[in-house]
Enquirer: 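Supplied in structure tokens, the structure appears directly below.
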Amino acid sequence: MHDPMRTGPTAPAPLGVSIARARLTRGGTRLFDGLDLTLEGGAITGLLGPSGVGKTTLLRLLAGLDTPEPPTVIGTADDVPLAGRVAYMAQQDLLLPWLTLLDNVTLGARLRREAMSATVRDRARGLLAAVGLAGRERDRPASLSGGERQRVALARTLMEDRPLVLMDEPFSALDAITRLRLQDLAGTMLAGRTVLLVTHDPLEALRLCHRVHVMSGRPAAIGPALDPPGPPPRDPAAVMGLHAEVLRRLAA
Amino acid sequence: MTRLIRAAVTAAVLLAVWQGVVWLTGVPRYILPGPQRVAEALWAQAPLLTHHALWTLTEIAAGLMLGVALGTASALLLSGFRPARRWLLPLLVVSQAIPVFALAPLLVLWLGYGMASKIAMATLIIYFPVTTALFDGLRRTDPGWVDLARTMGAAPAAVLWRVRLPAALPALASGVRVAAAVAPIGAVIGEWVGSSAGLGYLMLHANARMQTDVMFAALAVLAAFAVALYAGVDALLRRALPWQPDEATLNEDTTP
């Protein structure tokens, strides 16, 4: 029996990623210019900021969903372009209602028209079990609660097994308790991967991330990193002191 | 069950009112035959009605299939290719300004008195609601799904077939429901303009001979067709799209 947390011999090596001199103009306004952000390989980097500051756009640039404006440069530690090497998780679960949970988790392989081998299916089953949904592979998303649906989305993200995981406020649509539980789960399952977590919840960033950056102002700037002590996922009580500091930086 | 009883009660009341009007006003039976007389005509003329009903049913079914197939293909073409959208979409919208019924004489002239002109008529009527419904559905795909598919490395064709088309199926289903409701109109209009068989033909024929009871019987058969067709298509679509939340709003049993 293999451990679904371990992704086997195909597990990608942690990849360091950086975005430099990023510029974004929307409707004649410069949202940011000359912005730098480095994602350390194998670490979870949190990016906090108020709505509309441009943090989601930054994530979409890395995901290849938006075209970067010159002179923006996206660099990787191994100098291979990032295209096709990211897994993306959004605020909405984005589960396809007509597919079963198992088919949703293996969506990437279906969309790339890859052969659906027994290994692939077993890995998907293992991931569903790891997020606490064993035995529900044949269910449809409509029969799940919001928290359960986001668990499936997490399993689908990990199924892609990409060197860089991009998460855009993945838990912000959930109630407080469900959110805490899912943060614990995500913190465990994302260990060892390079992750960019964009969020507007300071506590979430402080619980889950190795380093936390605050993005604020117009044009926006990214502040120096905060390094919460200890490995994630952290106890909410342990980061309360830092919580106040982050709120101060966000308001600046 | 309660719904069935309620429908039966409604039908009984309507029939009673109809019979009441006939008794009270004493209109001659060639103007308004009573329900009993129509029932007798239904029974007596059953072989004739069946013959013409089958004819019309074939026209409706063929028109429905052709119209849905053509409409689906057009919507896919429109959403898949930008030039198609630029050139054909305005044409499609303008073409709806032409009343399709006005084309019926032309269709009979071109395609003859047989079944082809009626099928063409039904197809024309069905084509537009199906095309617009599916095209609308394809346009309204959740952008998040498309983003997700793109980060997964899906080709545009895979996004269309595996994400956008399944997501648009409920929209196509509402288009097909509308199509099922209007298909009989197309066939009957075609028959009125010129034909030698079908319920529309039978109604004109009976009308000319003052056989108003036969006319009403044909009308009853046609109405039964329309209702059965709609209900059948609706049930089929519900079964085909089980993930679609059942809109039980027609059934008010759940309200306190």
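Source: prediction; values computed, not measured. Chain letters run A, B, ... following the sequence lines, proteins first, then strands; residues in each count from 1.
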Enquirer: Are A:Arg60 and B:Asp147 close enough that some pair of their side-chain heavy atoms sits under 4.5 Å apart?
Expert: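 Yes, side chains in contact.
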Enquirer: With a 4.5 angstrom heavy-atom cut-off, which part of A:Gln92 approaches chain B: side chain, backbone, both or neither?
Expert: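 Neither part; nothing is under 4.5 Å.
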Enquirer: Measure the shortest side-chain to side-chain distance between B:Leu148 and A:Arg156 over non-hydrogen atoms and say whether it is less than 4.5 angstrom.
Expert: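 Yes, side chains in contact.
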Enquirer: Under a 4.5 Å cut-off applied to non-hydrogen side-chain atoms, are A:Met159 and B:Met152 in contact?
Expert: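 They are not in contact (no side-chain heavy atoms under 4.5 Å apart), so the answer is no.
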Enquirer: So which part of A:Ala63 gets closer than 4.5 Å to some heavy atom of chain B, the side chain, the backbone, both or neither?
Expert: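 Its backbone and side chain both get close to chain B.
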Enquirer: Among B:Ala167, B:Gly153, B:Pro166, single out the residue with the greatest number of heavy-atom pairs under 4.5 Å to chain A.
Expert: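 Winner by heavy-atom pair count: B:Pro166.
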Enquirer: Considering only heavy atoms and a distance below 4.5 Å, find which of B:Ala158, B:Ala155, B:Ala157 pairs most often with chain A.
Expert: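 Answer, by heavy-atom pair count under 4.5 Å with chain A: B:Ala158.
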Enquirer: Under 4.5 Å heavy-atom distance to chain A, tell me which part of B:Val146 shows up: side chain, backbone, both or neither.
Expert: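 It is neither, since no heavy atom gets under 4.5 Å.
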Enquirer: State, to 0.1 Å, how close A:Arg113 and B:Trp161 come at their nearest heavy-atom pair, and which atoms those are.
Expert: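 Looking at all heavy atoms of both residues, the closest pair is NH2-CD1, 4.4 Å.
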Enquirer: What residue in A:Val86, A:Leu99, A:Leu107 has the most heavy-atom pairs under 4.5 Å with chain B?
Expert: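 Answer, by heavy-atom pair count under 4.5 Å with chain B: A:Leu107.
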Enquirer: Looking at every non-hydrogen atom in both residues, tell me the closest pair between B:Arg162 and A:Leu111 and how far apart they are.
Expert: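 Here B:Arg162 and A:Leu111 meet closest at CB-CD2, 3.8 Å.
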Enquirer: Counting only heavy atoms from other residues, nucleotides and ligands, does the tally under 6.0 Å from CZ of B:Arg140 exceed 12?
Expert: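 Counting neighbours around CZ of B:Arg140, 12 or fewer heavy atoms of other residues, nucleotides or ligands fall under 6.0 Å, so no.
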Enquirer: Given that the side chain runs from C-beta out, which part of A:Leu95 has a heavy atom under 4.5 Å from chain B: side chain, backbone, both or neither?
Expert: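 Contact with chain B involves the backbone of A:Leu95 alone.
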Enquirer: Contact part of A:Arg110 toward chain B, heavy-atom cut-off under 4.5 Å: side chain, backbone, both or neither?
Expert: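 Both backbone and side chain of A:Arg110 come within 4.5 Å of chain B.
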Enquirer: Please say whether more than 12 non-hydrogen atoms of neighbouring residues, nucleotides or ligands are located less than 6.0 Å from CZ in A:Arg181.
Expert: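 At most 12 heavy atoms, drawn from other residues, nucleotides or ligands, come within 6.0 Å of this atom.
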